[in-house]
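Both backbone and side-chain heavy atoms feed into the values below; hydrogens, waters and symmetry mates do not. A note on names: the letters A, B, ... follow the listed sequences, proteins ahead of strands, and every chain is numbered from 1. Please read these numbers as outputs of a predicted model, since none were measured by experiment.
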4 protein chains.
Amino acid sequence: MTEAEKRIAILNATLELIAEHGFHGAPIAKIAKKSGVSAGIIYHYFADKDDLIYGLYIHIKKEHARALLSQNLVGLPFPQNLKQMWLNAYAYYVTHPKETLFLEQYENSPYPQSLSEEVIDKYFSGLMQMIKAACSQGRMVDLPLDVIYELTFRVAAGIAKKQISGILALSDEQLDEVAEACCRAVTH
Amino acid sequence: MTEAEKRIAILNATLELIAEHGFHGAPIAKIAKKSGVSAGIIYHYFADKDDLIYGLYIHIKKEHARALLSQNLVGLPFPQNLKQMWLNAYAYYVTHPKETLFLEQYENSPYPQSLSEEVIDKYFSGLMQMIKAACSQGRMVDLPLDVIYELTFRVAAGIAKKQISGILALSDEQLDEVAEACCRAVTH
Amino acid sequence: MTEAEKRIAILNATLELIAEHGFHGAPIAKIAKKSGVSAGIIYHYFADKDDLIYGLYIHIKKEHARALLSQNLVGLPFPQNLKQMWLNAYAYYVTHPKETLFLEQYENSPYPQSLSEEVIDKYFSGLMQMIKAACSQGRMVDLPLDVIYELTFRVAAGIAKKQISGILALSDEQLDEVAEACCRAVTH
Amino acid sequence: MTEAEKRIAILNATLELIAEHGFHGAPIAKIAKKSGVSAGIIYHYFADKDDLIYGLYIHIKKEHARALLSQNLVGLPFPQNLKQMWLNAYAYYVTHPKETLFLEQYENSPYPQSLSEEVIDKYFSGLMQMIKAACSQGRMVDLPLDVIYELTFRVAAGIAKKQISGILALSDEQLDEVAEACCRAVTH
DNA sequence: GATGAATGAGGGTTCATTCAT
DNA sequence: GATGAATGAACCCTCATTCAT
């Protein structure tokens, strides 16, 4: 196992434990065991446990951003591109249940200390630009970016989480309808 | 201090600590100190810590439901009543920042084990009936209740949380616009 | 419930809890609940928990002594009287499983602090006299009383406890044989 | 100190505390202090406190069995071998007062849950075989093994315990007489 | 670099005892 | 006399982190 692989193994073990048992259920000792490394070496890759959690968050956010922005978008005009991004985001959540559960826990915990804002933004610049362009063209509601995010992608996360946990099961038609509803909310 | 008051004092202390420092930052010893009681007596009011957390959740949910359903709704037809409920929900969140932060943490943690579902539903039956009525009249999108919730009230919570933490500041006009956007999303 | 009855109720509850769950499984709160009194009042009848345990011990020892010395002994010469006492002791143990389990736990714990010696002896003076008489007549082995006790009545307790817990089941013939064996051990 | 030595140190500290102060007087913190290790590391060697107590029991039983079966027995026929074993057992008890006090407490507590039965038997197979052989030859009373144990070795433990606590002091001649008495009890 | 034994503070919880009512 | 809420020390156990090997 190379160093890079070992780092990934640690992140994966952490992800699985937190997704399944929450923050309380992911002590370093278990993470070490699950990733096949010693507890001590984890502190070679991460300064402390908070740093490990934060590292996992960044790792997943990056992956999620790529999934969101890299599929089926070429040449699509607004608002079709927004809808497609929404579907991309949703598809990522549903196919990555552990990442989704972790993300929701992390973002609703007191962990994030504004650091995330700046660090994360860079991965989503593509999305931001698209939104800003639509706003300046008057084709989107004139509301802060954070609000638009809540009205669209945050909804995708919320619904996906319910689908993951089995509370909900949407057909393709219904899913399309939700995507439309989100677009309708933020366009005139 | 009567017994009932003491129970409330414990719940309040728990709420404040969790809202400010998260679940990790709310050990029984601190809760006891903040509520002005001994650690031991907490176990007279609650079976264990989980029960205390759950008790707090129920307590807040009940309060929130009342706030949502009891103001400025008399005689309002659909969809004005939906919009007013949304504004009520939002007002509650913004004026109850600690409750809001707790709620978001709780609902995204592995604590809730579907129990809540049944227990909670009874407080929101008024809301459910309104939604079902609108659906059956064909005036609302034909999507599961959970989806409609995510498209409306969950958005209120998300935006309120950002307002609470100072990331966002909406004017009354903007807030009204968001409420409209949510209604637009779930109506044809 | 008179005071005397209440005292008995407390002793009985203590006995049952200790017999079933050991000393660890008999907190004052449970004793209070089981005996139908408040926790506080127990300290009216007993100085503290140790005193309660000791009181229970004395209570049972007295009862046991009476059972041992009061049945089917009239006119029996040695060694028939010894054998009958042995059978009496055994019968008490088997018909009083809770008392037996408590006694064994108590006498093998660090609770007894030589106090018992003096206090208990008075209940067993009848037995002592019989043994001393047989010794002085040269019909019994010349060994300390404690040794004779271990070779006879202690054996009854040990076997009874195994019978109680279901490890052992002796027929009447076998039981008689054991009684004989014990008598054989202490006579020439 | 090697790991094995540390394990022994923990067992010894536990033994001393329980022998002197009973189960109540042996909290983990004191065991740790007495063995010169931290409280936490005890859970590296034992799953929990019950496991530590049980481990100590097994450790002592094994030692006791060896002492009982390994001295001065070569070539001795029945019943001399039984008598010698009895004297071996007694000698072990008297020279190992702490082990004896612990054993008696443990075996009379609600700790043992029949598990011990099977686990322990293997250490005493030598003794069992000797007894069974004598029984089948008709040279021993036809009673269950448990009964024979109570009539012989259990008596040794009981008397030894009194000797340990200073209640009793037997001369070599008296001790021999007791051994004879026990043999007499179980032979025709 | 890698291990995992070791630490010890801090976690949740229990319980004998007290005392206001 | 009687209650049971209240105390707080003590209990068992966990865990992030360190460091000798």
Side-chain angles (χ1 to χ4, degrees), chain A residues 1-3 6 23-33 36-53, chain B residues 1-4 6-7 10 23-33 35-53, chain C residues 1-3 6 23-33 36-53, chain D residues 1-4 6-7 10 23-33 35-53:
Chain A
M1 225 177 357
T2 70
E3 288 213 13
K6 205 169 285 188
F23 286 117
H24 280 103
I28 291 285
K30 274 190 189 167
I31 293 172
K33 192 166 195 179
V37 304
S38 76
I41 202 63
I42 292 178
Y43 291 84
H44 177 69
Y45 294 91
F46 303 95
D48 54 24
K49 202 183 175 186
D50 279 10
D51 187 50
L52 164 58
I53 305 278
Chain B
M1 219 171 8
T2 69
E3 283 209 23
K6 204 163 290 185
R7 209 189 110 99
I10 294 167
F23 286 117
H24 280 103
I28 291 285
K30 275 190 189 165
I31 293 172
K33 194 166 198 176
S35 30
V37 302
S38 77
I41 200 61
I42 292 177
Y43 292 85
H44 178 71
Y45 294 92
F46 303 95
D48 53 24
K49 203 185 174 186
D50 278 10
D51 187 51
L52 165 58
I53 304 281
Chain C
M1 224 177 0
T2 69
E3 287 213 13
K6 205 169 285 188
F23 286 116
H24 280 102
I28 290 286
K30 275 190 189 165
I31 292 172
K33 193 167 195 180
V37 303
S38 75
I41 202 64
I42 292 178
Y43 289 84
H44 177 69
Y45 294 91
F46 302 96
D48 54 24
K49 202 184 176 188
D50 279 10
D51 187 50
L52 164 59
I53 304 279
Chain D
M1 221 173 5
T2 69
E3 285 209 23
K6 204 164 288 186
R7 209 187 110 99
I10 294 167
F23 286 117
H24 280 102
I28 290 286
K30 274 191 190 167
I31 292 172
K33 194 166 198 176
S35 31
V37 303
S38 76
I41 200 61
I42 291 178
Y43 293 85
H44 178 71
Y45 294 93
F46 302 95
D48 54 24
K49 203 185 174 185
D50 279 11
D51 187 51
L52 164 58
I53 304 280

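One can place CD1 of I28(B) at 11 Å from P of dT14(E), the figure rounded to the nearest angstrom. Counting to the nearest Å, the P atom of dG12(E) and the CG atom of D48(D) are 20 Å from each other. Distance CD1 (I31(B)) to P (dG10(E)): 17 Å, rounded to an integer number of Å. Distance H44(A) NE2 to dA16(F) P: 20 Å, rounded to the nearest Å. Atom OH of Y45(A) is separated from atom P of dA16(F) by 19 Å (rounded to the nearest Å). Rounded to a whole Å, the OH atom of Y43(A) is 15 Å from the P atom of dT3(E). Residue H24(D) contributes atom NE2, which lies 11 Å from atom P of dC11(F) at whole-angstrom precision. The nearest whole Å value for the distance from the CD1 atom in I42(B) to the C1' atom in dT7(F) is 12 Å.
dG12(E) is paired with dC11(F) under the criterion used here, namely a Watson-Crick or G-U wobble arrangement in which both key atom distances are under 3.5 Å. In a base pair of the Watson-Crick type (N1 to N3 plus N6-O4 or O6-N4) or a G-U wobble (N1-O2 and O6-N3), with each distance short of 3.5 Å, dA20(E) is matched with dT3(F).
More than 12 heavy atoms of other residues, nucleotides or ligands sit less than 6.0 Å from atom NZ of K49(C).
Heavy atoms of K30(A) sit nowhere under 4.0 angstrom from any nucleic acid atom.
Within the structure, every side-chain polar atom (N or O) of K6(A) is placed at least 4.0 Å from both OP1 and OP2 of dG1(E).
When each of D51(B), I53(B), I28(B) is paired with F46(B), the side chain to side chain contact (heavy atoms under 4.5 Å, CB included) condition holds for D51(B) and for no other.
Heavy-atom nearest nucleotides on DNA chain F were determined for A26(D) and for V37(C), and the one closer to the 5' end corresponds to V37(C). Nearest-nucleotide mapping onto DNA chain E: of G40(B) and E3(D), the residue sitting toward the 5' end is E3(D). Nucleotides of DNA chain E nearest to M1(A) and G36(D) differ in position, and the one nearer the 5' end is that of M1(A).
To the nearest 0.5 angstrom, S38(D) atom OG is 11.0 Å from Y43(D) atom OH. In this structure, I41(D) CD1 and R7(D) CZ are separated by 13.0 Å, a value rounded to the nearest 0.5 Å. Put simply, CD1 on I42(A) and NZ on K6(A) are 11.0 Å apart, with the number rounded to the nearest 0.5 Å.
Checking dT7(F), dT7(E), dT3(E) against every side-chain atom of I41(A), the shortest atom distance belongs to dT3(E). Closest to the side chain of S38(C), out of dA2(F), dT7(F), dG12(E), is dA2(F). When each of dC11(F), dT7(F), dA16(E) is scored by its nearest atom to the side-chain atoms of P27(D), the top-ranked nucleotide is dC11(F).
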